[in-house]
Amino acid sequence: MESVVEKWTTKVNTITLGATKQMGGTREKTVTVGGSSTLPYLNFEGAWPNPPAIAIEMWDREPDGWPEPLADAYADVWKDPAKWAKRAVEYGAEMLCVTLKGTHPDFGNRSPDEAAGVVKDVLKAVGVPLIIWGSGDFNKDNDVMPRVSEAAKGENCLLGTAVEKNYKTLTASCLADGHKIIGESPLDINIAKQVNILISEMGFKLEDIVIFPATGALGYGMEYSYSIMERGRTAGLSGDRMLAQPVICTVGQESWRVKEARGSEKDFPTWGDLKKRGPLWEATCAATLMQAGGEIVVMRHPDAVKSFKSLLREFTA
Amino acid sequence: MALTGLDIYKLLPKTNCGECKSPTCLAFAMRVAQKQASIDQCPHVSAESKEKLGAASAPPIQLVTIGAGDFKIAIGNETVLFRHEETFHHPAGIAVTVSDKLSEAEIGARADKIVHLIFERVGMKIAVDMACIMNDSGDPAKFAAAVKIVAQKAPVALILASDNPDSLKAALEVCADRRPLLCGANASNYQAVAALAKEKNCPVVARAKGLEALTDLTQKITAAGVKEIVLESGAEGVRQTLEDLTKARRYALRKSFRPLGYPMLTCMMGDGDSFLPVLKAAAYIAKYAGIVVTDAIEPWQLMPLLTVRQNIYTDPRKPLQVEPGVHKIGEPGSKAPLLITTNFSLTYYTVEGEVEGSKVASNILVVDTEGTSVLTAWAAEKFTTDQIAAAMNKYEVEAVASHKKVIIPGLIAVESGKLQEESGWEVIVGPKEASGIPSYLKANWGG
């Protein structure tokens, strides 16, 4: 039979997060993603050397409004970031995504020092690499992230997010303290490229950037993320260096906002057991977006993590 | 490979008679090549040319219809590898298994359960549309009895899963009018199964290990006179399945390779894990499966799967829309804010998410802007004072907002004066970006 192997020209960048003692940090292990030379797990035409990595999301403050399945998993520890971090690692997190929600002016307005303290506590509590995610309030992030970056200096974290209208402070911090960076774009390939260009113009290596194209939950715009990721990836594999970065998806955060994942059995009696429905909604979103090329998946529920991991195990077997 | 306009021109009478409504034969040929005209529109083309053209202009992936009447699905006839290149056209069938080893009562209960796997999302019904009856017993009579129960109870397309031609024959006696998918033909039984499929005009699954064996088998089945075929490669493991699905699609679309130009069926059984088959099925729906068969039957298993199918098969050229009207977030009382936005799903869900995040119970009036976002809709005059005021009347917003205050997106602040005049309501200009909604609502409507 004739060959239908696609000749891709470029590899997705390989990126390693975390720094061990030998590398100047305190992490017990590092996580490497990317490096693929084809679409997800098409091993007949290229390599997929590193499976997607799973990060579990945790907050610097007690969350409000997390539904029952998440409360069951974390409520006894979520007031204490160090304990929460340990719990997430027990659940199988290869990385932690520390979300500094409490620094947002509307959600506690915590100080940069408090945020830095949380990051230090988490670093001390666990040995996995960290993703550190700002609150999204530009002014506050520009106060908080430099302090946090400094507090985690040398640990080779992944910091986010840099956006078109606010990237300079974070890029400068990551450069100074040896971190990788997340460039965020709202479901728009051209903006994704633009953000990468802006960041790299400050002397930041393209190989140290991760793309966050914005994630839509299953049933709530997932197909937009899916196609933006697939378009970006096919362009990246075809030689566009501004789109050859690994991609991060915030599957947990988006999934647990939607009623299919969080609505009670009382409100939706025909939808079945919430304790299974919620985690499966999250895992299904992860499994689908993986086919579009997601390399770092930020998740919440331990059962979702567990089943997504078993899928990955079958893909890598 | 598809014929070019010039290839087609060579097969035409070249008389430029104009009866096809094109000025010249060449112009007509070009239109045929672009699929804007059909060769049948030429009254003078020879039968021989027609046959040549017919073969070349057939879709690269065969359209297969399964079922009859209202219980019919169509799969295949896909044209692209990536949905962003155009769209995926024919949503994959989602089939739930029923074993003929169960008791009659259990079979009936399972069929009833399948019927109830129907959900409403964004104004559309999504449902399990196939049942796959498994001849696990090996007994033709038991199989036919099970098929009969399922066919009576479940208004869905049927798959008859047995490699025993006698079982298929017995089952067809009770459900041939439903035009089930025979699953299926393999290297050793294809003659008998293909003959049955031809006699009863049913589509058939070709089962063989690997694409080469499948190529051989589908050619034998088509030679026996069966056109509608579904492939099953019997791959072991997710990676091999993904490879077969991807390669078959590429052979069909890139190489116009007919023997693999059919939709493909994949089968996922739980083996004790209730999550994993759903995740695999989701991956296969994204990557080219025409039918997924699973033993998952709980609503919390099928709802995400049906939603993956809905998302992946949404036409990216036509934005998904939400239902116009008043949407309640939380339990809004009479003092709750009323926000206005468009019916473009991404716009709405972004607004909805931020309103939910604010913890301020609210009403959102969704205006029908034909699926466009705020600024696009405004520029196209689909989201200006006239449409907003009309929607406020149509959906009787006064019933939910007796305070007569309405919040419009900051991006259309220019409409505020006119809308105030037109509606008599106090028009408040809200934040420009959805991300500004929580702090705005908390500060102004928080209690």
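Chain A is the first sequence line, chain B the second, and so forth, proteins listed ahead of strands; every chain is numbered from 1. Just so it is clear, the structure is predicted and the values come from calculations on it, not from any experiment.
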Cut-off 4.5 Å, heavy atoms of chain A, and the answer for B:Tyr348 is neither
dist A:Phe315:CZ -> B:Leu242:CG (nearest 0.5 Å) comes out at 5.5 Å
Between the CZ atom in B:Phe82 and the CZ atom in A:Arg233, the distance rounded to the nearest 0.5 Å is 11.5 Å
Honestly, the part of A:Glu45 sitting under 4.5 Å from a heavy atom of chain B is side chain
ask   = Taking side chain as C-beta onward, heavy atoms only, is A:Met1 less than 4.5 Å from B:Thr215?
value = yes
Whatever's closer than 4.5 Å to a heavy atom in chain B on A:Ala317 counts as backbone
Ranking B:Ala286, B:Ser358, B:Pro316 by heavy-atom pairs under 4.5 Å to chain A gives rank one to B:Ala286
Are any non-hydrogen side-chain atoms of B:Ile312 and A:Thr288 less than 4.5 angstrom apart? yes
- Message: Taking the side chain as everything from C-beta on, heavy atoms only, tell me whether B:Leu346 gets closer than 4.5 Å to A:Leu187.
- Response: yes
So OG1 of A:Thr234 and NE2 of B:His84: to nearest 0.5 Å the spacing works out to 4.5 Å
Paired with A:Ser307, the side-chain contact (heavy atoms from CB on, under 4.5 Å) test is passed by just one of B:Val278, B:Leu276, B:Leu279, namely B:Leu279
Check whether any side-chain heavy atom of A:Trp281 lies under 4.5 Å from a side-chain heavy atom of B:Thr307, and answer yes or no. yes
Here the gap from A:Glu2 atom CD to B:Arg250 atom CZ, rounded to the nearest 0.5 Å, amounts to 13.5 Å
So, the part of A:Asp303 with a heavy atom under 4.5 Å from chain B: the answer is both
Closest heavy-atom pair, A:Asp106 versus B:Lys442, reported as atoms and distance to 0.1 Å, is O-NZ, 3.4 Å
Assess the residue pair A:Glu314 and B:Lys280 against the criterion (side-chain contact (heavy atoms from CB on, under 4.5 Å)); give the C-alpha distance rounded to whole Å, side-chain angles, the decisive distance to 0.1 Å, and a yes or no. CA-CA 10 Å; A:Glu314 292 209 16; B:Lys280 288 184 194 173; 3.2 Å; yes
Okay, A:Val5 and chain B: the region with an atom under 4.5 Å from a heavy atom over there is backbone
Between B:Asn311 and A:Gly219 the two heavy atoms that sit nearest each other are OD1-N, 2.8 Å
OH (A:Tyr220) and OG (B:Ser345) are apart, to the nearest 0.5 Å, by 11.0 Å
For atom NZ of A:Lys306, is the number of surrounding heavy atoms from other residues, nucleotides or ligands below 6.0 Å larger than 12?
no
Open item on the list: What verdict does the side-chain contact (heavy atoms from CB on, under 4.5 Å) test give for B:Lys247 and A:Phe44, after you've listed the backbone C-alpha separation in whole Å, the side-chain angles of each residue and the deciding distance to 0.1 Å?
Closed with: CA-CA 10 Å; B:Lys247 279 185 170 172; A:Phe44 64 92; 3.4 Å; yes
key: Any B:Gln301 side-chain heavy atom under 4.5 Å of A:Leu280 side chain   = yes
If one checks every heavy atom of B:Phe257 against chain A at 4.5 Å, the contacting part turns out to be side chain
Honestly, the part of B:Glu212 sitting under 4.5 Å from a heavy atom of chain A is both
Comparing A:Leu218, A:Leu311, A:Thr316 against chain B, the one with the most heavy-atom pairs below 4.5 Å turns out to be A:Leu218
In terms of heavy-atom pairs under 4.5 Å with chain A, the winner among B:Pro299, B:Ala281, B:Ser274, B:Gly237 is B:Pro299
| field | Residue B:Lys359 excluded, over 12 heavy atoms near NZ under 6.0 Å | value | yes
(request) Check whether any side-chain heavy atom of A:Val4 sits under 4.5 Å from a side-chain heavy atom of B:Arg249, and report yes or no. (result) no
- salt bridge (charged side-chain N to carboxylate O under 4.0 Å, His left out) between B:Arg254 and A:Glu6, worked out: CA-CA 11 Å; B:Arg254 294 264 163 86; A:Glu6 198 78 49; 2.6 Å; yes
The interface call for A:Tyr226 against chain B, heavy-atom contacts under 4.5 Å, is side chain
The interface call for B:Leu260 against chain A, heavy-atom contacts under 4.5 Å, is side chain
Honestly, the part of A:Asn43 sitting under 4.5 Å from a heavy atom of chain B is side chain
Original post:
Got a salt bridge between B:Lys287 and A:Glu230, using NZ or NE/NH1/NH2 to carboxylate O under 4.0 Å?
Top reply: yes
### Query
Does a side-chain heavy-atom distance below 4.5 Å link A:Lys276 with B:Phe275?
yes
Turns out that what part of A:Pro279 lies under 4.5 Å from chain B's heavy atoms comes down to both
Does B:Glu298 come within less than 4.0 Å of A:Arg277, counting only side-chain N to carboxylate O?
no
If you count the non-hydrogen atoms of other residues, nucleotides and ligands that lie under 6.0 Å from CD in A:Glu265, is the total more than 12? yes
Tightest non-hydrogen contact, residues B:Gly353 and A:Arg257, listed as CA-NH2, 3.6 Å
B:Tyr349 ring centre to A:Lys259 NZ or CZ under 6.0 Å, with the angle to the axis within 45°?
no
So CH2 of B:Trp300 and CG of A:Leu274: to nearest 0.5 Å the spacing works out to 12.0 Å
